[in-house]
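Reviewing the structure listed below.
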There are 2 protein chains.
Amino acid sequence: MATIHDVATRAGVSRSTVSRFISGRGYVSPDARARITAAIEEIGFVPNAMARGLKTRRSSLIALLVPEIVNSFYTTILRGVEDVANRHGFQVIVGNTDETGAKERAYVELMIASQVAGVIVAAVGGTAASLEPLLQKRVPTVLIDRAIDGFEADIVKGDNVDGMAELARHLLSLGHRQIALVNGDLATAVAREREAGYRRALAEAEVAVDDALISSGDWFIDDAERRTSALLASGRPFTAILAANNFMAIGALRALRQRGLRVPEEIALACFDDIEQAAEIEPFLTVMAQPAYTMGTLAMQMLLERMGGHERGGRREIVLASHLVIRRSSGARDARPVQSGAVGNGRIAAAELVANGDDGSPSAEDVAVVALASVERGKEVSAFGTVTSIAKDAAPNRSVEGAARDAAATPRGDE
Amino acid sequence: MATIHDVATRAGVSRSTVSRFISGRGYVSPDARARITAAIEEIGFVPNAMARGLKTRRSSLIALLVPEIVNSFYTTILRGVEDVANRHGFQVIVGNTDETGAKERAYVELMIASQVAGVIVAAVGGTAASLEPLLQKRVPTVLIDRAIDGFEADIVKGDNVDGMAELARHLLSLGHRQIALVNGDLATAVAREREAGYRRALAEAEVAVDDALISSGDWFIDDAERRTSALLASGRPFTAILAANNFMAIGALRALRQRGLRVPEEIALACFDDIEQAAEIEPFLTVMAQPAYTMGTLAMQMLLERMGGHERGGRREIVLASHLVIRRSSGARDARPVQSGAVGNGRIAAAELVANGDDGSPSAEDVAVVALASVERGKEVSAFGTVTSIAKDAAPNRSVEGAARDAAATPRGDE
DNA sequence: TTGAAAGCGGTACCAT
DNA sequence: ATGGTACCGCTTTCAA
């Protein structure tokens with residue numbers, strides 16, 4: 001394996017000069033430059049990242065940890081993260097934690113050992129235990145989608161409480177009063193937040209919540225199917241199902257089909273998170289779509305700021321609005337996309353995000369703030385997002401109850 | 001950041017002893033062992049992978065390079081790769097090459113620089129140029145899905161020629177005679193192979209091929225949409241569309257819908273590769289489904305063998321059969337899943353794959369051979385695959401023409 | 001059974 | 001502008 005020494009010998013210069021050349025710091029004469037370039041080409045030299053990283057304690061690796069890479073919500077986030085990371089010379093490596101704390105922990109240790117420059121995590125949930133080493137080693141970290149109680153880090157997330165409330169209101173507006181909730185793992189904040197939204201919407205509509213219609217477990221399709229089957233077997237009456245995410249919806253759908261129940265004629269269905277490719281094939285599922293690409297984009301942006309030390313303040317929190325996409329499964333007459341957006345909210349255009357981050361350009365918050373100020377309603381673009389709130393030096397992650405209370409207190413202008 | 005030295009001091013032993021302890025090689029007294037364990041725990045020590053890799057020239061990283069991580073075909077492959085890698089103590093990092101040679105090249109260099117233990121690539125296509133450094137640096141490499149002319153490496157791929165021929169035969173059997181082919185990038189072997197299959201089926205049915213109905217370009221949805229729109233605008237008559245993969249099908253579908261054409265009533269549609277989640281939501285697309293999970297599984301298995309030096313022979317090639325899943329889009333009366341399988345082919349059961357690879361257990365070929373011998377027709381399981389052919393010391397990747405000729409010469413027992 | 005010491009392949013400071 | 005030279009943190013003989 002060719003080393004810097006081989007290049008130096010071949011080019012007739014010292015290792016120091018070669019080092020300066022490849023790292024781009026320090027002076028190298030045009031003459032030496034040419035000879036080194038030639039030597040590198042000839043022997044096919046690729047600098048050893050381990051040797052370099054050992055010395056510099058830096059790497060060009062960004063780690064993204066997701067619970068389920070097969071879910072398009074996370075692959076879309078990945079694209080967002082990757083696009084801005086690459087633009088800044090960073091490469092992204094993905095770890096699939098499979099909703100398993102142990103796998104997450106293993107990846108975290110691997111990432112630390114690999115000296116990654118930063119980490120973005122959609123955490124498995126529950127405790128901060130498996131992520132704790134990141135804090136201890138001071139690895140720049142940004143949370144995405146899922147908040148973790150007591151884990152002090154920047155976060156980009158969806159407006160789960162409001163989003164789920166709106167989704168529930170949609171079903172309520174169609175006349176449903178017995179709405180089953182197929183939730184995910186209550187150890188994850190999103191599950192608790194979405195349940196809070198569900199409860200809030202029902203309360204507002206003065207519909208009593210039947211706890212027997214609410215189930216939770218884990219985020220796997222099979223589990224949602226089992227729980228839905230059990231619910232159907234219980235004989236408890238209900239006319240609609242609200243699934244806490246797209247995978248839960250698939251599970252519910254399986255159970256419904258197995259019983260021969262037609263959607264939406266016999267049971268209506270809606271869920272959080274879109275499945276873009278499925279929608280392309282056949283617009284069926286009514287969903288609360290989150291701006292996943294933008295979430296990835298903003299998370300990476302915040303991470304870059306932390307990594308570069310440009311941001312030394314407290315915990316930041318960016319909440320992006322999701323939007324209701326009405327399709328067939330909920331049984332609405334007018335099955336057409338609808339953009340939810342509160343007065344005073346603003347869109348983050350793809351163009352702005354692209355401009356963002358180049359040297360000296362605005363930070364994630366700047367962009368978000370600008371977007372907030374410009375209430376602009378344009379056509380649907382996947383890279384768009386609507387900022388619901390931005391908190392600088394935000395309070396530590398609070399309990400769901402608190403979040404729900406705040407959300408309830410915030411006026412929304414979309415209904 | 002805690003180092004081995006800190007642990008040594010705290011435990012009252014030398015660095016060497018700590019090193020022996022964490023690497024598991026060499027003797028360490030129970031006494032020292034206990035003190036080291038405690039020290040590691042106390043200071044939260046994680047060995048620096050860079051320092052270790054620098055010395056050992058090894059890492060526990062496997063790189064998987066895919067052209068489009070958003071495509072479920074590749075995420076499913078990822079799951080297969082990851083499952084066997086993890087079982088052997090390796091972690092997988094994914095690079096999304098975005099169908100771009102330059103990105104692929106960049107990832108390859110990064111992987112080499114990072115001293116990955118092995119690489120699995122679904123290549124962007126065209127030349128072997130961007131992968132060439134892998135050969136030069138002797139990084140164990142396995143190709144998946146896409147063959148590369150002149151790149152000498154083990155490969156796991158689908159039976160593209162036969163599969164596409166069968167898919168075309170399905171449309172022919174429904175009475176279609178003017179079948180448009182929306183292909184992908186002809187620089188990739190799969191595209192050429194699938195076109196060969198299309199041509200073969202038409203030739204066998206004595207249907208003249210109308211080249212004006214065949215389009216190619218790249219593998220992006222937008223491109224397929226554009227080409228399909230152009231075809232529709234041309235006025236050239238056709239009654240069905242065969243898409244070279246799932247993304248091409250989405251593009252074609254967009255174009256059809258934009259023109260208000262109903263599928264399958266006005267135009268029938270079928271494609272290679274499934275979109276599992278879409279099918280779960282609504283069984284619509286008739287597809288030639290590939291055993292993606294198994295492809296990942298076998299690729300990783302072959303890679304482990306190369307990495308361990310257990311396999312020093314020539315290039316190996318494993319070809320897995322795909323199977324026809326008839327759904328609504330092709331307009332067939334009996335829209336139900338059908339398992340295609342030639343006499344003499346065998347299933348690889350999930351159980352066998354799991355057993356495979358533990359020390360001393362059978363190699364990828366052994367498993368495949370055993371499977372070939374056991375013609376067992378069971379129920380559909382996603383981890384199953386059907387082996388079409390296994391070649392040991394296979395000839396270098398040949399031209400499509402040659403492959404098509406061979407395929408035509410090989411008797412198949414499924415019709 | 002343990003410790004001393006020599007690197008692995010770069011980087012970066014300090015002279016020249 | 002360039003070269004000499006200590007490391008970075010861990011592994012691995014080799015001696016004790």
Side-chain angles (χ1 to χ4, degrees), chain A residues 1-37 39-40 43-61 109-117 137-139, chain B residues 1-37 39-40 43-61 109-117 133 137 139:
Chain A
M1 196 70 60
T3 75
I4 202 173
H5 179 256
D6 303 325
V7 176
T9 322
R10 189 163 196 116
V13 295
S14 73
R15 300 184 321 178
S16 313
T17 307
V18 177
S19 173
R20 259 176 278 128
F21 174 80
I22 57 181
S23 64
R25 333 174 172 286
Y27 304 97
V28 180
S29 66
D31 181 46
R33 199 172 282 273
R35 299 214 309 282
I36 293 171
T37 312
I40 287 177
I43 60 182
F45 168 77
V46 178
N48 183 322
M50 306 217 140
R52 172 180 285 175
L54 178 57
K55 181 66 183 179
T56 63
R57 317 171 144 288
R58 288 186 274 103
S59 82
S60 67
L61 257 36
E109 304 235 308
L110 177 73
M111 298 318 182
I112 289 173
S114 304
Q115 310 284 114
V116 296
K137 305 289 180 194
R138 310 193 158 286
V139 179
Chain B
M1 193 74 58
T3 75
I4 203 174
H5 179 257
D6 304 325
V7 177
T9 322
R10 192 167 194 111
V13 295
S14 73
R15 300 182 323 181
S16 316
T17 307
V18 178
S19 174
R20 259 175 277 128
F21 173 80
I22 58 181
S23 63
R25 328 172 178 288
Y27 304 97
V28 180
S29 65
D31 181 45
R33 198 172 283 273
R35 299 214 308 284
I36 293 171
T37 312
I40 287 177
I43 61 183
F45 168 77
V46 177
N48 181 323
M50 304 217 142
R52 171 180 284 177
L54 178 57
K55 184 67 186 176
T56 61
R57 316 170 143 289
R58 289 185 273 103
S59 83
S60 67
L61 257 36
E109 305 235 308
L110 177 73
M111 297 320 181
I112 290 174
S114 304
Q115 312 286 115
V116 296
K137 304 287 181 196
V139 178

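Basis for what follows: all heavy atoms, side chains included, without hydrogens, waters or symmetry-related copies. Order of the sequence lines fixes the chain letters, A, B, ..., with proteins taken first and strands second; residue numbering starts at 1 for each chain.
Side-chain polar atoms of A:Ser14 and A:Thr17 form a donor-acceptor pair below 3.5 angstrom.
A search for side chain to side chain contact (heavy atoms under 4.5 Å, CB included) contacts involving B:Ala39 returns B:Val7, B:Arg10, B:Ala11, not counting sequence neighbours.
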How does each nucleotide of nucleotides 10-16 of chain D score, in 5' to 3' order, for protein heavy atoms under 4.0 Å: base (B), sugar-phosphate only (S), or none (-)? BBB----
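With rounding to whole Å, A:Phe21 atom CZ is found 15 Å from D:dA1 atom C1'. As a whole-Å value, the separation of B:Leu54 CG from D:dC7 C1' is 12 Å. Computed from coordinates, the A:Tyr27 OH to C:dC14 C1' distance equals 15 Å when rounded to whole Å. Rounded to whole Å, atom C1' of D:dC8 lies 13 Å from atom CG of B:Asp6.
With a 4.5 Å cut-off on side-chain heavy atoms, B:Val13 and B:Val28 do not count as touching. At least one side-chain heavy atom of A:Val46 sits under 4.5 Å from a side-chain heavy atom of B:Lys137.
Nearest approach of A:Phe45 to A:Thr3, heavy atoms of both residues: CE1-C, 3.5 Å. When every heavy atom of B:Arg15 is checked against every heavy atom of B:Ala8, the shortest pair comes out as N-CB, 3.7 Å.
Applying the 4.0 Å criterion to OP1 and OP2 of D:dG3, one finds that A:Thr17 has a side-chain N or O inside that range.
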